Amino acid sequence: MRYIFTLCLLLLVAGAFFAFQAADDPVFSDSAKTTSPQTHSINELDDSQHPTVVYQEQAAQQFIAVKPSPAHHAGNMGSKAELEPRRAHEYSKLAADMASPMLMTRNPMGEVIPLDRENYAAKNENRFLSVAISPLSTFGLEVDSASYSNVRRQINQGSVPIPSSVRLEEMVNYFDYNFPAPSDGHPLAVMSDYAVAPWNPNHRLAMIGVKATDQSAMSDKGARITFLLDTSGSMNSADKLPLLIRSFQTLLSNLKPQDQVAIVTYAGSAGLVLAPTPVTESHRIHQALANLTAGGFTAGGAGIQLAYDVARKQYDENATNLVILATDGDFNVGVSGDGELKSMIEKQRESGVFLSIIGMGTGNYQDAKMQVLAEAGNGVAHYLDSDSEAQRLFGSELTRTLHIAAKDVKIQVEFNPAAVAQYRLLGYESRVMNAEDFRDDKKDSGEIGVGHSVVALYEIIPSGIGATPDIERRYQTTRTAGSEEMELAYVKVRYKQPDGDKGVEFAHAMTTKAKSIAAATPDLQWASAVAELSLLLSKSEHAGSASLHGVLSRAKGVNAKLNDAKRTEFVNLVERLTPRLVAQD
């Protein structure tokens, strides 16, 4: 009996192994089954007025591609014989990654610093959703740019960016876009574009572009700023406190005479370094900054509480009231857990004081905590890696840094099932909301600064492509596929005025016909290039045939027309990064 039992067990294991292999094989997988094609006119390419550009693959040392995920690209994966070597390569690469030495980089002083003490939140990518099951996509819009500056810092220091440090929406939204300005009384305007997805020719890429007004009532009435500065021992390096002091000196030189500032520091305990002081008394403010030194532990919770107390004392209902927290995020005294800090800040924001975050430093940067604090405080998260970035934040883009055009901005997209089989929101993982939250004004969302342009991207699987979901319903809901033949989706935007509590809503129908990516607007071409790089750096399972060659081809083409300093820098970063990724691959 013992031998019979053992034999049965072996047969059971062998059967389970065969079932696993069959599920992963396109020949046996249900994902390879398709229904008869049901095309929709909006998905048919319209390049009649634009020449189609075909990107040629270069030699292997200049081309990097991530193979398609079997879950969504089974039809393009090839035979089982082709899959096996690929799997073997992936397994060997995984083993090499696990055995690789500790990530290292260098700080501005040339000192080698390990990166593995930096803390980033685990990220679960948004997956493809079936329109038949989930026709509504709802999320909060935001303009954070911390991830791009942090990725730039890692590249400039000779490293390949840590995958979890790459947040696609923050990479894309670092740049300016030429979207139409608001003209109908709303502080926001919406446009859209639609093209073939560069990393998967069977998919489409839909862009929703939002542009904020260049002026708001608050931006003319000045600002009340409370600096909350981390002066603990962890800030004692050239790329932290000294850079921070120079950055705030840049900010002070660009503030208006009617503005007012205060300075709170924390290290072991929190203290008021400068009581609320008019910007006209600049000598007192500069002297307070010059006297700052780093040392001690990090009582971040106490510092936040004191900063809010000071902010309320200088509160002006006719001005922007803002706490700017600058830190590497290493809180270790008192209230320091993410949950405790988030709860504290959510209570404080009810006073009308916003909290924005300036992250900085190498080797010990606590990015996950920075994201929690910024989202809880109705503010924006930035990462400060250089004096030039300080000039951008506190010089050329100061108005949008300090003043918001609209708060609690939410997007809800209803996809037309006649045109879209499945969709995937690229990025915004921490901002995804339930459909019913869209009109719930108690649900917090993101803020958009004056003059900002914001992008949201969806990867679309057109109707008639891929598997049809096996759905059986007792109760059916009948609705028309779309009010217009050329309708891809219906976009609703909801926001509040900077000093308001009631949501205002307007809508936009996406009716642009699909085209090749080369015939798309420069804005979509650029956004797709940054998104493609983000898919590669984050090691996305949805990267398809993404390549640095494709990124550079589109980025250079757009930059040749616009000649933009930010875009030129992006092209240079990708060119420096290419040999590192080739070597890593």
Side-chain angles (χ1 to χ4, degrees), residues 69 71-72 120-147 163-173 188 190 192 203 205-210 338-339 342 346 367-368 370-381 406-415 420-448 454-461 469 488-496 503 505 507-508 510 527 531 534-535 538 540-542:
S69 168
H72 301 297
Y120 299 93
K123 183 175 65 176
N124 295 318
E125 280 189 290
N126 294 325
R127 60 188 179 89
F128 279 95
L129 298 176
S130 169
V131 175
I133 301 174
S134 304
L136 296 177
S137 173
T138 309
F139 65 99
L141 214 57
E142 67 177 12
V143 294
D144 290 357
S145 62
S147 180
S164 56
S165 72
V166 182
R167 289 184 291 276
L168 187 147
E169 74 279 7
E170 295 184 21
M171 297 282 288
V172 172
N173 287 329
L188 306 173
V190 178
S192 56
H203 292 184
L205 189 63
M207 178 178 72
I208 299 172
V210 178
D338 289 359
K342 179 181 179 182
E346 285 176 341
D367 178 83
M370 300 295 91
Q371 293 300 307
V372 169
L373 300 187
E375 290 184 9
N378 272 3
V380 179
K407 68 180 182 181
D408 289 340
V409 182
K410 304 172 186 176
I411 301 287
Q412 186 168 82
V413 183
E414 180 177 1
F415 289 98
V420 180
Q422 298 179 53
Y423 64 88
R424 188 176 86 86
L425 175 63
L426 275 62
Y428 293 100
E429 283 83 3
S430 66
R431 292 291 192 177
V432 172
M433 310 176 79
N434 296 323
E436 60 269 25
D437 293 338
F438 180 70
R439 289 202 171 106
D440 185 350
D441 288 336
K442 295 180 181 179
K443 295 292 184 180
D444 180 61
S445 187
E447 282 64 48
I448 298 183
V454 192
V455 169
L457 296 171
Y458 281 94
E459 186 171 352
I460 302 293
I461 299 179
L488 178 78
Y490 194 63
V491 181
K492 291 182 287 189
V493 181
R494 191 173 179 88
Y495 68 92
K496 297 175 188 172
E505 191 175 313
H508 166 82
M510 298 180 68
S534 301
L535 294 175
S538 63
S540 169
E541 65 175 297
H542 302 290

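Because the structure is a prediction, the values reported are computed rather than measured.
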In short, salt bridge (Lys or Arg N to Asp or Glu O under 4.0 Å) pairs touching residues 427-438 with sequence neighbours left out are Glu142-Arg431
Quick one: closest heavy-atom pair of Asp144 and Gly379, and the distance?
OD1-O, 4.2 Å
Mark yes when over 12 heavy atoms from residues, nucleotides or ligands other than Lys492 sit less than 6.0 Å from its NZ; otherwise mark no.
yes
Hey, does the side chain of Ser147 reach the backbone of Ser165 with a donor-acceptor pair shorter than 3.5 angstrom?
yes
Out of curiosity, Lys410 NZ to Phe139 CZ, how far, rounded to the nearest 0.5 Å?
13.0 Å
Residues passing the side chain to side chain donor-acceptor pair (under 3.5 Å) test with Tyr495, sequence neighbours excluded, are His186
Hits for side chain to side chain donor-acceptor pair (under 3.5 Å) against Tyr428, two or more places apart or cross-chain, chain-then-number order -> Asn173
Using distance only, find each side-chain donor-acceptor pair of residues 129-138 under 3.5 Å and give its atom names and separation, not counting sequence neighbours.
| from | atom 1 | to | atom 2 | distance (Å) |
| --- | --- | --- | --- | --- |
| Ser130 | OG | Ala132 | N | 3.2 |
| Ser137 | OG | Tyr458 | OH | 2.6 |
| Thr138 | OG1 | Gln412 | NE2 | 2.8 |

Can you name the nearest heavy-atom pair linking Ala489 to Val413, along with the distance?
CB-CG1, 3.7 Å
List for me each residue that meets salt bridge (Lys or Arg N to Asp or Glu O under 4.0 Å) alongside Asp367, sequence neighbours excluded, and say none if there are none.
Arg167
Just to verify, what does Glu346 make a side chain to side chain donor-acceptor pair (under 3.5 Å) with, not counting sequence neighbours?
none
Smallest separation among heavy atoms of Ser538 and Lys123, with atom names
CB-NZ, 4.3 Å
Just jot down the side chain to side chain contact (heavy atoms under 4.5 Å, CB included) partners of Ser192, sequence neighbours excluded, or say none.
His508, Met510, Thr512
Can you list the residues that meet the side chain to side chain donor-acceptor pair (under 3.5 Å) rule with Glu375, with sequence neighbours excluded?
Ser430
Nearest 0.5 Å, please: how far is CG in Leu457 from CG in Leu425?
8.5 Å
Output all residues satisfying side chain to side chain contact (heavy atoms under 4.5 Å, CB included) with Lys496, sequence neighbours left out; order by chain, then residue number.
Lys407, Asp408, Asp441
